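Down below is the structure, laid out as structure tokens.
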Amino acid sequence: MTKGLSLFAKRRRRNRTALKARSGNRPRLSIHRSGKHIYAQVIDDAQGHTVAAASTLEKDVRGASGANIDAAKLVGTRVAEAAKAAGVTQVVFDRGGFLFHGRVKALAEAAREAGLEF
């Protein structure tokens, strides 16, 4: 079943399987990192919709470079504030196959400091 998948796809599949096992009813904080930007969204899989989202493409954040740790911290803070405004305080962190270091780690720590629990 995993024949022909890249290492990134295998890592993503392992991560998603572990998330389903421990998630319960909590929404998922999903991260996507590209070479120029970073995106984060809180997804309620039970209802199938996005509760809150933030990225470096937003007008308020565009001044900061999207490809650095400072911008990732700003996106983490913004997505946490939007999630809390929507009534979500506990999430499951979905790193999406990306290793937990650098910008992904900075975003996660900023979201924790802003009040999300995961």
Side-chain angles (χ1 to χ4, degrees):
M1 184 166 185
T2 60
K3 185 177 180 181
L5 291 178
S6 67
L7 292 175
F8 182 76
K10 288 179 184 179
R11 191 178 335 145
R12 177 179 291 169
R13 180 172 285 169
R14 278 195 314 264
N15 186 33
R16 215 37 79 73
T17 303
L19 284 176
K20 288 180 183 177
R22 67 175 183 219
S23 69
N25 294 334
R26 294 191 292 177
R28 174 170 53 104
L29 174 60
S30 179
I31 303 295
H32 179 72
R33 174 180 59 86
S34 71
K36 292 185 177 182
H37 298 284
I38 191 159
Y39 313 86
Q41 56 184 344
V42 177
I43 305 166
D44 185 0
D45 290 322
Q47 296 181 0
H49 73 279
T50 301
V51 177
S55 74
T56 53
L57 292 175
E58 295 175 356
K59 289 184 179 182
D60 300 346
V61 186
R62 277 191 206 158
S65 172
N68 62 21
I69 290 177
D70 294 332
K73 288 178 184 177
L74 186 58
V75 170
T77 304
R78 291 176 62 91
V79 75
E81 290 171 354
K84 285 178 19 182
V88 176
T89 57
Q90 292 185 337
V91 295
V92 175
F93 187 68
D94 178 9
R95 58 186 173 85
F98 299 103
L99 296 178
F100 190 78
H101 68 90
R103 290 186 284 157
V104 175
K105 184 177 178 181
L107 191 146
E109 289 175 351
R112 279 189 186 119
E113 289 174 5
L116 281 184
E117 296 176 20
F118 55 92

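Scope of the values below: all heavy atoms of this structure, side chains included, with no hydrogens, waters or symmetry mates. Computed from a prediction, not measured in an experiment: that's the story for all the values here.
- Every residue meeting the side-chain contact (heavy atoms from CB on, under 4.5 Å) condition with R11, not counting sequence neighbours, appears here in chain and number order: F8, R14, R95, L99.
- Closest heavy-atom contact between E58 and A53: OE2-O, 3.7 Å.
- To the nearest 0.5 Å, atom CG of residue L107 and atom CZ of residue R112 are 10.5 Å apart.
- Scanning for side-chain hydrogen bond (donor to acceptor under 3.5 Å, both in side chains) contacts around R28 gives D45, D94, with sequence neighbours left out.
- For E113, the side-chain hydrogen bond (donor to acceptor under 3.5 Å, both in side chains) criterion is met by no residue, not counting sequence neighbours.
- Counting only residues at least two apart or on different chains, the ring pair (Phe, Tyr, Trp, His ring centres under 6.0 Å) pairs with a member in residues 13-56 are H32-Y39, H32-F98.
- For the salt bridge (Lys or Arg N to Asp or Glu O under 4.0 Å) test, no residue two or more places apart in sequence or in another chain qualifies with R26.
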Indicate every side-chain donor-acceptor pair of residues 80-91 with a distance under 3.5 Å to a residue at least two apart or in another chain.
unit_1, atom_1, unit_2, atom_2, d
K84, NZ, A114, O, 2.9
Q90, NE2, E117, OE1, 3.2

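- For the atom pair CG (N68) and CG (L74), the distance works out to 10.0 Å, reported to the nearest 0.5 Å.
- Without hydrogens or angle criteria, R62 side chain to L57 main chain gives a donor-acceptor distance under 3.5 Å.
- Listed by chain and number, the residues in a side-chain hydrogen bond (donor to acceptor under 3.5 Å, both in side chains) with H101 amount to none (sequence neighbours excluded).
- Between A40 and V79, the shortest heavy-atom contact is O-CG2, 4.0 Å.
- For the ring pair (Phe, Tyr, Trp, His ring centres under 6.0 Å) condition, the pairs that include at least one residue of residues 67-94, sequence neighbours left out, are F93-F100, F93-F118.
- A distance of 12.5 Å separates CG in D70 from OG1 in T56, rounded to the nearest 0.5 Å.
- Neither V75 nor I43 shares a network with the other; the hydrophobic side chains, linked directly or stepwise wherever heavy atoms of I, L, V, M, F, W or Y lie under 4.5 Å apart, form separate groups for each.
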